[in-house]
Structures are given as C-alpha cells and as structure tokens.
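Written below as structure tokens is the structure these notes are about.
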Number of protein chains: 2
Amino acid sequence: MTRILVVEDDPNLGQILSEYLQLKGFVTTLCTDGEKGFEKFKTEKYDFCILDVMMPKKDGFTLAKEIREIDKTIPVIFLTAKSMKEDTIEGLKIGADDYLTKPFSMEELILRVQAILRRSGAKSDQSNTINRFELGGLTFHYDRSLLERPSGDVKLTSRENELLKMLCDHMNQTMERNAALNAIWKDDSYFNARSMDVYIAKLRKYLKEEEQVHILTVHGQGFKLVKVE
Amino acid sequence: MTRILVVEDDPNLGQILSEYLQLKGFVTTLCTDGEKGFEKFKTEKYDFCILDVMMPKKDGFTLAKEIREIDKTIPVIFLTAKSMKEDTIEGLKIGADDYLTKPFSMEELILRVQAILRRSGAKSDQSNTINRFELGGLTFHYDRSLLERPSGDVKLTSRENELLKMLCDHMNQTMERNAALNAIWKDDSYFNARSMDVYIAKLRKYLKEEEQVHILTVHGQGFKLVKVE
DNA sequence: AACGGTTTTTAACCAGTTTTAACACCCCTA
DNA sequence: TAGGGGTGTTAAAACTGGTTAAAAACCGTT
C-alpha cells in the first residue's frame, strides 16, 4: 500500500488528482494549502508527496523543505504552472524527484509516480506495510500468506493474499472494485473483475467460521470488510 | 567509483560521450548496439546506464526493459533525437530517470547524471556484497558455498549458491523469475525457467528443517524467501 | 582420449493457481 | 414489474509450478 499526500490549492484539480490516484490503487489525502499539508504530514504516515508549487500561505518548496527535514528520503513530485529555469534549480536543491508542468495528463503522472517508486526500491513498500491483522479469532499474516484459524490454518495463494490484504487495509471502509483491480490485477477489464468476484467468494469461505468478520458487497462500488467488536 | 554503461550506435558521439564521462571521473564502457550492450550488462557490474533510443538490432527501450528485469533500481537516461510525447510515455513506462534530446551539451549530461546519483543516494558502492546470512538457526556462507545446519552442513553447487544468494538479497521481498534467470542463467528461456524450478525444489529441501524460513511462490511473478522472527 | 563423479539440463507427468465461461440470482430503476 | 447490469457460484479450461528421474554436459584425473 502506498499512501500519497496531495497538496494542491485548486480544489477541482486536487479532487480529480486524488480520485484518479485512488482509482489506481493508491491511498491519498488531499490538502488545499501548504499549512494544512504540513499538519497532515506530521500526524500521519505517507510514502509519497505530490505538491503544487504555488499555493497560498505556504508554497510547495517551503513545504517540501519542512517535509524533508522530517523524512529525508520521501519522494516528492512538484506540480508547476510555469517551466522556468529558476524553479527547476530551486526544486533540485530541495531534492525534487520529478516535475510536472501543468497541464499534464493523468497517465503521465501515474507513470512518473510508478517510475519513482520502482527506483526507490521496495524499502518503502516493505517497512511501512502492516503484515499482521487480527480478524476476530483469526489472524492474517500477509508476509507469510497465511490465515490462522482455530479450525486449521489456510495457506493463501498470491491473489487471495493480495486481495485480503487490500480489504484489511480498508477495514470497515469500502474498497473500490477498480482500485483493487488496478492495484492487484493491474487492469480493470471485465474478466479480471469476474476473477475478483471468484476470489471474494473464496475469501468468504475462509472467513465463514468467524462470525465477527465478513465481507459485504457495496453494490456498484466494491466490497467492505466489516469487523464487529 | 561509478561505472556507466553507454550504448550509442553513432561511434563518434559514443566516443565523445564516453571520453568526456571518463574525464569527469566515471568509469565507462561503450557499446555500439543494443545486443552488445545487454551482453556487457550481464557480465559486468554497472551503476548507471545511458542509452540511445534508436539503435540497430535492439532499441534503447527494449534494452532498458531487459536491464530493468535484472536490476530494478539502476538509473537510466535515454538519448533521443526527437522529443515526441509517445516516446516520453513509453520511456516512463520502462522507468526512465531522465531524457536528453539531441543535440545536447556534455555539461548538461554531466549535471543530470550527478543529479540522479545524488537523488538515488550513496548506494553506489555495492562492491561489498554480503557474504553471510542468518536464516533462523541456519547460516548461509555465500563465499564458501556453504549452508550450515544443525543436522549437518550442505556444500552448495554454484547454481544453488547463486540462487540462494539472490533470494537472501531479496529477503521478504519477491525475487522475480526473469530477474533471477537473467542474472544467474544469463537467459530467460523456457528450459532455464524449468531448471530454476528444479533448483528451488532443492533449496526447499535444504531449508526444510528450519521452520522459521521458507521459500514461497508468488504465482506468475517469482519467489519470496520469508523469515519469521 | 577415456573414465568416473558431479552438476546441470531436459523431459515427462502431476499438482496447484488463475482465468474463463455459463447460468442463476439480485438490485436498481424506468 | 420488466429489463439490464452487477454479483454469486460452480466447474472446466488454460496456464504455471512441483517433482522426479534420466540424459547431457562438465571437470579433474588418468
């Protein structure tokens, strides 16, 4: 799971950006100015920042500088309206990982984010991710692809494992179909969608014995892993 | 020391490039087509790639794709005659770190190389590979091709040794099939893939007595050496 | 060059995983 | 309440990997 902090003062663009990233399987937080962005960054854990350069109250460069004081290695992409030389230089000094000049295509943004994540290696995906989930009387170990149950453990296949992980990451929230498909199947085609339905059925079978936990469908949207305390 | 692989089909440009980089303190290898470039990459260790996009036999994108299967994090700069949009997208998909459109100044190239190296951190010094891995109650000595076990040590053959090393280097992450095949077998053909499966089975047999450690398969992707603490 | 032991590849068959397909059912809306 | 799209379920098909053993390649020694 990759959590992205999006700070963009244009609410429309910010919304579109945020939703598109979620569709592609990322978890995002949107802030509309630099100060709010910094508050968010201090209270929650993020793996990636996408920052507008020109913003009221606190500009993107200043924000990046402050963020980098807390986390020196977090990847940062700047969004900038102009492609001026001094902007580029300034950004590089702070340690920007990439630049996008408005207007840009969503596809290009996604590709750049993925390129940077690939380069920065698995260290972020690794240490940040939760590996153990308590599901009532069951325990799910993502790293071991194992679901521990009183009635006997289940070795999960990789698809089962990824899907259950994603449901757990969205515990008590709706996990959108397209987000899961893009994150796990890398493509939200019709057949992959049906494939996912098959896996949901399998997971339901595994979880059946634990009454406190079940996967419910949100018609037309996705699935929700519900845990009753 | 930073070793740069330069693949450029124009011998004049390639020569100038190569010499200029050497002047700046880099160690370079020049290849004049994609196939030769890939051969070089497989047999020697590099820290950086500068690839021409349009080349005979094997273009820069294809080459980069193959290189990235072996080393996912190695920085790549493309040299391209045109600055077309689809080229950019295609390059980003593969994970380009930067672009230079011909003609470019040598100075600009150097600056971009340095910027990327600064960004990707001081991990260029990989000449010191780890030789000893603790696998629960077992100890794997790569340099001695030896797996120490309570029940008796195992002398590993070179394929066993390389494969176990690669799994250990990717501890708790997925080691991709193609990456291993290209790195160890130097070729990801069908039969080599099957050969690898045979070796995975052998390693599993050696590791069987240690419950904390096992190789699990990530269907369609590769294998993951998991260590439970 | 021929031998014997070791390592690696090839082959065949089997087992497990994932996708596709088909059909039934449900939910929403016109 | 009829219709269409979304979902549940099951089973077969397609694909990928596990296992074993024999064949081939390799290597040092004679």
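So that the names make sense, note that chain A is the first sequence line, chain B the second, and so on, each numbered from 1.
- Using a 4.5 Å heavy-atom cutoff, the side chains of A:E176 and A:Q22 are not in contact.
- Distances were taken from every side-chain heavy atom of A:K205 (C-beta onward) to each of C:dT9, D:dT10, D:dG18; the shortest belongs to D:dT10.
- A:L181 has its CG atom 13 Å from the C1' atom of D:dG6, to the nearest Å.
- At the phosphate of C:dA21, neither OP1 nor OP2 sits under 4.0 Å from any side-chain N or O atom of A:S195.
- As rounded to whole Å, 11 Å separates atom C1' of D:dT9 from atom CZ of A:R204.
- Residue contacts shown for A:Y190 are absent, as no nucleic acid heavy atom lies under 4.0 Å away.
- Side-chain atoms of B:V198 lie closest to C:dT10 of the nucleotides C:dT19, C:dT10, D:dG17.
- Here the nucleotide nearest the side chain of B:F191, chosen from C:dT10, D:dG17, D:dG8, is C:dT10.
- The distance between atom CG of A:L164 and atom P of C:dT17, rounded to the nearest whole Å, is 16 Å.
- Here A:K165 pairs with A:D169 in a salt bridge; the nearest charged N to carboxylate O distance falls below 4.0 Å.
- The pair B:D197-B:R177 counts as a salt bridge, with a side-chain nitrogen and a carboxylate oxygen less than 4.0 angstrom apart.
- For the pair A:L156 CG and C:dT17 P, the computed distance is 10 Å after rounding to whole Å.
- Between A:S158 and the phosphate of C:dT17, there is no side-chain N or O to OP1/OP2 separation shorter than 4.0 Å.
- Side chain to side chain, A:T139 and A:E134 meet the donor-acceptor criterion of an N or O pair below 3.5 Å.
- Residue A:R194 is classed as a base contact, given a heavy-atom separation below 4.0 Å to a base.
- The separation between A:Q221 atom CD and C:dC27 atom C1' is 14 Å, rounded to whole Å.
- In terms of position on DNA chain C, the residue among B:W185 and A:K155 whose nearest nucleotide sits closer to the 5' end is B:W185.
- Across the protein-nucleic acid pair, A:L207 atom CG and D:dG8 atom P stand 14 Å apart, rounded to whole Å.
- Distance, B:K202 NZ to C:dT7 P: 8 Å, rounded to whole Å.
- When each of D:dG5, D:dG8, D:dT19 is scored by its nearest atom to the side-chain atoms of B:A201, the top-ranked nucleotide is D:dT19.
- Between the side chains of B:S195 and B:N192, no donor N or O sits under 3.5 Å from an acceptor N or O.
- Following rounding to the nearest Å, B:D197 (CG) and D:dT20 (C1') show an atom-to-atom distance of 13 Å.
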